[in-house]
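Reading through the structure tokens given below for one structure.
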Amino acid sequence: IRKITSGGVVTTLAGTAGSSGSTDGTGSAARFYDPVGVAVDAAGNLYVADQSNHTIRKGSLLPLLTTPTSANLAATTATLGGNVTTDAGSSVTARGVVYAVTATNSSPQIGGTGVSNVVGSGTTGVFTVSASGLTANTAYTYAAYATTSAGTIYSSTGIFTTTPGAPTGVSAVIGNTQATVSFTAPASDGGAAITGYTVTSSPAGGTDTNAGSTSLSHVLTGLTNGT
């Protein structure tokens, strides 16, 4: 099944010349047996009258995307991404990731309420983008997308939660093989109460005697004097 643009450019959407069969698949993996007619609907679906298979086959002229990805989550930033596995025979003109606070919009799309759009580069394959200006300790729903002349398609949605903001004003009172560490609570908890703090040492080896408590003063024991 081939597509010819007004400029005379020919691309193969599905199937392989000289190879017949009745296999469903993406691109060249699909097989037809005497296709005699095609039709396209407004949603970008392609219908093929596969004569010798006595079947009406349905495909898509829109790109395909896999489940979106999230990584490097911090209080106000995250690395998000997706994978455009095929452009369905039409060049990808834009791709990226949209996201929104889950409580505001759990199905983010371009132009939607509270939706941010981070545009990526490239056309097909794996890509990542950097999201910034996020709110600490907050759940976000996100989806990858790709746009071609046939329209914009979105991946399934995912959810990530940013970390709480970092404590500030950290100070320590030194003792014998221990230190009392005090700090100020983060400026933002994203609206969800912080349930505990843990103090660590570098080099490792110190033990926070009240790890996980909400106290703003923690005693770190097991330290080495002079280190």
Side-chain angles (χ1 to χ4, degrees), residues 65-83 95-121 126-145 154-227:
L65 294 97
T66 59
T67 303
T69 60
S70 63
N72 303 322
L73 301 180
T76 60
T77 60
T79 300
L80 309 176
N83 182 7
R95 66 177 181 171
V97 176
V98 289
Y99 63 88
V101 174
T102 300
T104 300
N105 190 337
S106 60
S107 299
Q109 293 191 358
I110 296 172
T113 301
V115 174
S116 296
N117 174 20
V118 186
V119 179
S121 60
V126 175
F127 69 95
T128 58
V129 298
S130 297
S132 59
L134 306 175
T135 301
N137 205 24
T138 300
Y140 286 84
T141 299
Y142 68 110
Y145 72 87
Y154 296 86
S155 70
S156 59
T157 58
I159 296 177
F160 69 89
T161 301
T162 52
T163 62
T168 59
V170 180
S171 63
V173 176
I174 300 171
N176 182 25
T177 68
Q178 68 178 39
T180 300
V181 180
S182 301
F183 49 87
T184 302
S188 172
D189 61 10
I194 292 174
T195 58
Y197 300 95
T198 298
V199 176
T200 60
S201 65
S202 179
T207 300
D208 184 347
T209 57
N210 54 344
S213 78
T214 56
S215 171
L216 301 180
S217 180
H218 289 229
V219 177
L220 201 60
T221 62
L223 306 178
T224 301
N225 291 336
T227 301

**Short side-chain donor-acceptor distance under 3.5 Å, S106 and T141** = no
Taking all non-hydrogen atoms of both residues into account, name the closest pair between [X] and [Y] and its distance.
X    : Y    : answer
T177 : N225 : N-OD1, 2.8 Å
V118 : S130 : CG1-O, 3.6 Å
L65  : S155 : CB-CB, 4.0 Å
S182 : S217 : OG-OG, 3.5 Å
F127 : G96  : CZ-O, 3.5 Å
N105 : G112 : ND2-C, 4.1 Å

**Message:** Checking L73 against T161 for the side chain to side chain contact (heavy atoms under 4.5 Å, CB included) test, could you report, in this order, the C-alpha distance in whole Å, the side-chain angles of both residues, the deciding distance, and whether it holds?
**Reply:** CA-CA 8 Å; L73 301 180; T161 301; 6.0 Å; no
Between [X] (side chain) and [Y] (backbone), is there a donor-acceptor pair under 3.5 Å?
X    : Y    : answer
T162 : N137 : yes
Y140 : T135 : yes
T214 : G196 : no
S202 : A204 : no
R95  : V119 : no
T207 : G222 : no

**Request:** Would you indicate whether the side-chain heavy atoms of S201 and L223 approach each other to under 4.5 Å?
**Result:** yes
Any chance you could measure [X], atom [atom1], to [Y], atom [atom2], to the nearest 0.5 Å?
X    : Y    : atom1 : atom2 : result
L220 : D208 : CG    : CG    : 6.0 Å
N72  : T77  : CG    : OG1   : 8.0 Å
Y145 : I110 : OH    : CD1   : 4.5 Å

**Asked** When you look at T113 and T104, which way does the side chain to side chain contact (heavy atoms under 4.5 Å, CB included) test go after all the steps?
**Response** CA-CA 7 Å; T113 301; T104 300; 4.1 Å; yes
**Request:** Keeping to residues at least two apart or across chains, list the ring-ring contact (aromatic ring centres under 6.0 Å, His included) pairs with something in residues 197-227.
**Result:** F183-Y197, F183-H218
**Request:** Could you check F160 against L134 for side chain to side chain contact (heavy atoms under 4.5 Å, CB included), going step by step and ending with a plain yes or no?
**Result:** CA-CA 11 Å; F160 69 89; L134 306 175; 3.9 Å; yes
**Request:** Using the test ring-ring contact (aromatic ring centres under 6.0 Å, His included), find all partners of Y154 that sit at least two apart in sequence or belong to another chain.
**Result:** none
